[in-house]
Chemist: 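My questions will all concern the structure given below.
Sequence lines set the chain letters: A, B, ... in the order given, protein chains first and strands last, and positions in each chain run from 1.
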Number of protein chains: 2
Amino acid sequence: MKINGKTYRTIWFENNIVKIIDQTKLPHQFVIKNLKTVKDSINAIKTMEVRGAPLIGATAAYGLVLSILEKNDLSFLKRSSEELIQARPTAINLKWAVDRMMKKLSGINSNENLKIALDEAKTIVEEDVTFCKNIGLNGLEIIEEISNKKKDTVNILTHCNAGWLATIDWGTATSPIYHAYQKGIKVHVWVDETRPRNQGANLTSYELNEEGIPNTVITDNAGGILMQRGQVDMCIVGTDRTLSNGDVCNKIGTYLKALSAKDNNVPFYVALPSSTIDWKIKDHNQIPIEERNSEELSHVEGIDENNEMKKVRIYPQKSKSLNLAFDVTPAKLVSGLITEKGICEASEKGLKDLFK
Amino acid sequence: MKINGKTYRTIWFENNIVKIIDQTKLPHQFVIKNLKTVKDSINAIKTMEVRGAPLIGATAAYGLVLSILEKNDLSFLKRSSEELIQARPTAINLKWAVDRMMKKLSGINSNENLKIALDEAKTIVEEDVTFCKNIGLNGLEIIEEISNKKKDTVNILTHCNAGWLATIDWGTATSPIYHAYQKGIKVHVWVDETRPRNQGANLTSYELNEEGIPNTVITDNAGGILMQRGQVDMCIVGTDRTLSNGDVCNKIGTYLKALSAKDNNVPFYVALPSSTIDWKIKDHNQIPIEERNSEELSHVEGIDENNEMKKVRIYPQKSKSLNLAFDVTPAKLVSGLITEKGICEASEKGLKDLFK
């Protein structure tokens, strides 16, 4: 998708270097960063220079390519793969991508390794692009239907950034929106700010702006009254891990929006590539919920009056804080799962019918 | 209650000047501000140097005292009263306090006016203190019951600041907590940050810290998963306007917490002095919901590394935002109303049995 009118992806490989857009600098600065070692990749995932389940997976895949470039050695590669998986605990794609790479690389120490790794990483990336595109085409039908009925702008609420910046291209939750917009359907997006890291305001609003899609930033608190007032026609969010029973683990606060959507008869959809499905965990209490540094709450970064990046502390120094990154939206609150293969019910049957 | 170990109220009258704690400076600076004219009072309400329904009412009452001190003239007083009521649209106490003052001041142009106005303002203030104290004693019973059953720390979630800083003393939502703490019951408070103005993090956490009550700041997004995990024993919030049917208008985001409390069987209480009851409006759609400046979302103030107050812009300049200040929690989600006269069901019958 476009930034300043030029088409980009979030990650690409060039001259043995992995290039990423440093998302911690957005929206204030557009910086392309070079990852030269597997440590760089791990660090980029940990510090959220790259984020979003699909993009984390792709970064991990390329991380293993960098690992081979550093040292074509099985034990080093295995250590790299373990460290990559540890970089963030909640998104399932991370492990999925690493496992997939390692399976291909099981016949290690050959001269073919680099090529095999690079091919597989590229396949993961291209697959994600195709999946996201298909998610968009499938979700487009829902938007189109609302638009035909309403004969007015379709108001879509989204939480966090499940945009193209969270994937390689198109995004998951945003892909139906981009496809609708490109088809000439009038859409407007309510963008949840998404505290504490403000990925909605900083990334989703930014990427929608760059594509020319009308959007309005709201606090995470605001979705409820907008739904009460009939100002939201549908919600679409992404997910970091979808359980086989249809429960959805996503950015903290998603659950509250889903409750409100249910209470106000607003359809609530979750968009996901099948790589985010966790077929093993049956009980959402078993999902490891990441607890992040409390400084993400107490400090906020922005642009000061001199147009310089500045970090300020917004709370009393004495105050403790707790920073959980995800919550779980039970399947009962989800109107449907928009996947690359089609839309299904958020249930074991729905998912199995599509994927097994 | 205490700040730096010294006992304060949020507003007091001294040498023909109204003194307030400038709450826009908290928690970073403790500044006492002088209001010398009715314009000063209106401005203090508009810019939220004073906020919270009961304190807004008290500030308006004292504003009329200042008006008489400026010019003991009926038409000036009437204009003052109208401008005060216009200062903020949602809190019902504002109109309530002004109407109550004006009723007493109907026999205008006499030398008695100043004394009458001052007496009535002081009565409003003292009544609020007594009401808040009684709210605390009534709410204490609920906390005590949970504590007796649980035999462990009672975790209470609150949204925004319905603390003593929102009233004259004790607070509404916090009063049961202060009373429980003073009685030796172990309590811990989950403090919703409360975007966009962060009154939870900036005021509630601050005032609880100053009284030594354990508390943890969380994002507005976090209450859901904490309730899912059983880490919230009860919620108590305040209100800016309670309808006679038990619907509660309060700081935006309250509704989402109430939905989550319902979904997880967590009791959800609203604490209020009867002055916030609106006996007239029957349908919550008729409540004027204040829309505030969008800069409250896009800009955040805090302390920089040199300990200086600094305002930064956190969103892309291009991004539009919408800043609604309140939402409505339907009575069906409210476990009970904690008032100065006792606890009642959130319903017409419940309220009438207590107050009519």
Chemist: What pair of heavy atoms forms the shortest contact from L259(B) to S260(A), and how long is it?
Modeler: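 Smallest heavy-atom distance, with atoms named: CD1-CA, 3.5 Å.
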Chemist: In terms of heavy-atom pairs under 4.5 Å, which option from V191(A), I252(A), N198(A) contacts chain B the most?
Modeler: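 Looking at each option in turn, the highest pair count goes to I252(A).
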Chemist: Contact part of L226(B) toward chain A, heavy-atom cut-off under 4.5 Å: side chain, backbone, both or neither?
Modeler: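 Side chain of L226(B) only, per the 4.5 Å heavy-atom cut-off to chain A.
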Chemist: Heavy-atom count check: over 12 atoms from other residues, nucleotides or ligands less than 6.0 Å from Q317(A) CD?
Modeler: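 No, the 6.0 Å shell around CD holds no more than 12 heavy atoms from other groups.
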Chemist: For N209(A) and P316(B), which heavy atoms make the closest approach, and how far apart are they?
Modeler: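 Scanning both residues completely, I find the closest heavy atoms to be ND2-CB, 4.1 Å.
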Chemist: Which one, D192(A), N323(A), V312(A), leads in non-hydrogen pairs under 4.5 Å with chain B?
Modeler: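 Max contact count across the listed options: V312(A).
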Chemist: Using heavy-atom distances under 4.5 Å, tell me whether L324(B) contacts chain A through its side chain, its backbone, both, or neither.
Modeler: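 Side chain only.
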Chemist: For E301(B), is it the side chain, the backbone, both or neither that has a heavy atom under 4.5 Å from a heavy atom of chain A?
Modeler: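 Only the backbone of E301(B) comes within 4.5 Å of chain A.
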Chemist: Pick one of side chain, backbone, both or neither for L322(A), based on which atoms fall under 4.5 Å of a heavy atom in chain B.
Modeler: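 Answer is both: backbone and side chain atoms of L322(A) are under 4.5 Å from chain B.
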Chemist: To check you understand the geometry: which heavy-atom pair defines the closest contact between N221(B) and L256(A), and what is its length?
Modeler: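 For N221(B) versus L256(A), the nearest heavy atoms are O-CD1, 3.8 Å.
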Chemist: In terms of heavy-atom proximity below 4.5 Å to chain A, should E210(B) be classed as side chain, backbone, both, or neither?
Modeler: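 When you check distances to chain A, only side chain atoms of E210(B) fall under 4.5 Å.
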Chemist: With a 4.5 Å limit on heavy-atom distance, are the side chains of K318(A) and Y206(B) in contact?
Modeler: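 When only atoms from C-beta onward are counted, Y206(B) and K318(A) do not touch, as no gap falls below 4.5 Å.
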Chemist: Please look at H159(B) and chain A and tell me whether the side chain, the backbone, both or neither of the residue comes under 4.5 angstrom of a heavy atom of that chain.
Modeler: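 The answer is the side chain of H159(B).
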Chemist: Between N306(A) and chain B, with a heavy-atom cut-off of 4.5 Å, which part of the residue counts as in contact: side chain, backbone, both or neither?
Modeler: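 Nothing of N306(A), per the 4.5 Å heavy-atom cut-off to chain B.
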Chemist: What's the shortest heavy-atom distance between S319(A) and V217(B), and which atoms?
Modeler: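 Between these two residues, the closest heavy atoms are CB-CG2, 4.0 Å.
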Chemist: Go through H28(B), M309(B), E308(B) and name the one with the most non-hydrogen pairs under 4.5 angstrom from chain A.
Modeler: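 The candidate making the most pairs under 4.5 Å is H28(B).
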Chemist: If you round to the nearest 0.5 Å, how far is CG of N285(A) from CZ of R229(B)?
Modeler: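 Going from the CZ atom of R229(B) to the CG atom of N285(A) covers 8.5 Å.
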Chemist: Rounded to the nearest 0.5 Å, what separation is found between the CZ atom of R195(B) and the CZ atom of R195(A)?
Modeler: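 It comes to 6.0 Å.
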Chemist: Count the heavy-atom pairs under 4.5 Å between each of S294(A), S205(A), G223(A), A325(A) and chain B, then report the option with the highest count.
Modeler: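 Most heavy-atom pairs under 4.5 Å with chain B: S205(A).
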Chemist: Where does P214(B) contact chain A at under 4.5 Å (heavy atoms): side chain, backbone, both or neither?
Modeler: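 Looking at P214(B), nothing touches chain A.
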Chemist: Go through the steps to decide whether Y255(A) and D263(B) satisfy the test side chain to side chain donor-acceptor pair (under 3.5 Å), and finish with yes or no.
Modeler: CA-CA 11 Å; Y255(A) 167 52; D263(B) 198 42; 2.6 Å; yes
Chemist: Please rank I314(B), L208(B), T254(B) by heavy-atom pairs under 4.5 Å with chain A and give me the top one.
Modeler: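 Among I314(B), L208(B), T254(B), the one with the most close pairs to chain A is I314(B).
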Chemist: Return the NE2 to CD1 distance between H299(A) and I303(B), rounded to the nearest 0.5 Å.
Modeler: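 Answer rounded to 0.5 Å: 10.0 Å.
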Chemist: Quick one: of S298(B), A222(B), S321(B), who has the most non-hydrogen atom pairs under 4.5 Å with chain A?
Modeler: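 Greatest number of close heavy-atom pairs with chain A: S321(B).
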Chemist: Would you mind checking which part of D220(A) comes under 4.5 Å of any heavy atom in chain B, side chain (CB onward), backbone (N, CA, C, O), both or neither?
Modeler: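 Both backbone and side chain.
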Chemist: How about K282(A): does its NZ atom have over 12 heavy atoms from other parts shown lying under 6.0 Å from it?
Modeler: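 Counting neighbours around NZ of K282(A), more than 12 heavy atoms of other residues, nucleotides or ligands fall under 6.0 Å, so yes.
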Chemist: So if I apply the salt bridge (charged side-chain N to carboxylate O under 4.0 Å, His left out) rule between E305(A) and each of K311(B), R313(B), K310(B), which one comes out positive?
Modeler: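 The single option meeting the salt bridge (charged side-chain N to carboxylate O under 4.0 Å, His left out) with E305(A) is K310(B).
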Chemist: Side chains of P196(A) and E193(B): does their closest heavy-atom pair fall under 4.5 Å?
Modeler: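 No - every pair of side-chain heavy atoms lies 4.5 Å or more apart.
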Chemist: Less than 4.5 Å to any heavy atom of chain A: does that hold for the side chain of D304(B), its backbone, both, or neither?
Modeler: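 Both parts, backbone and side chain.
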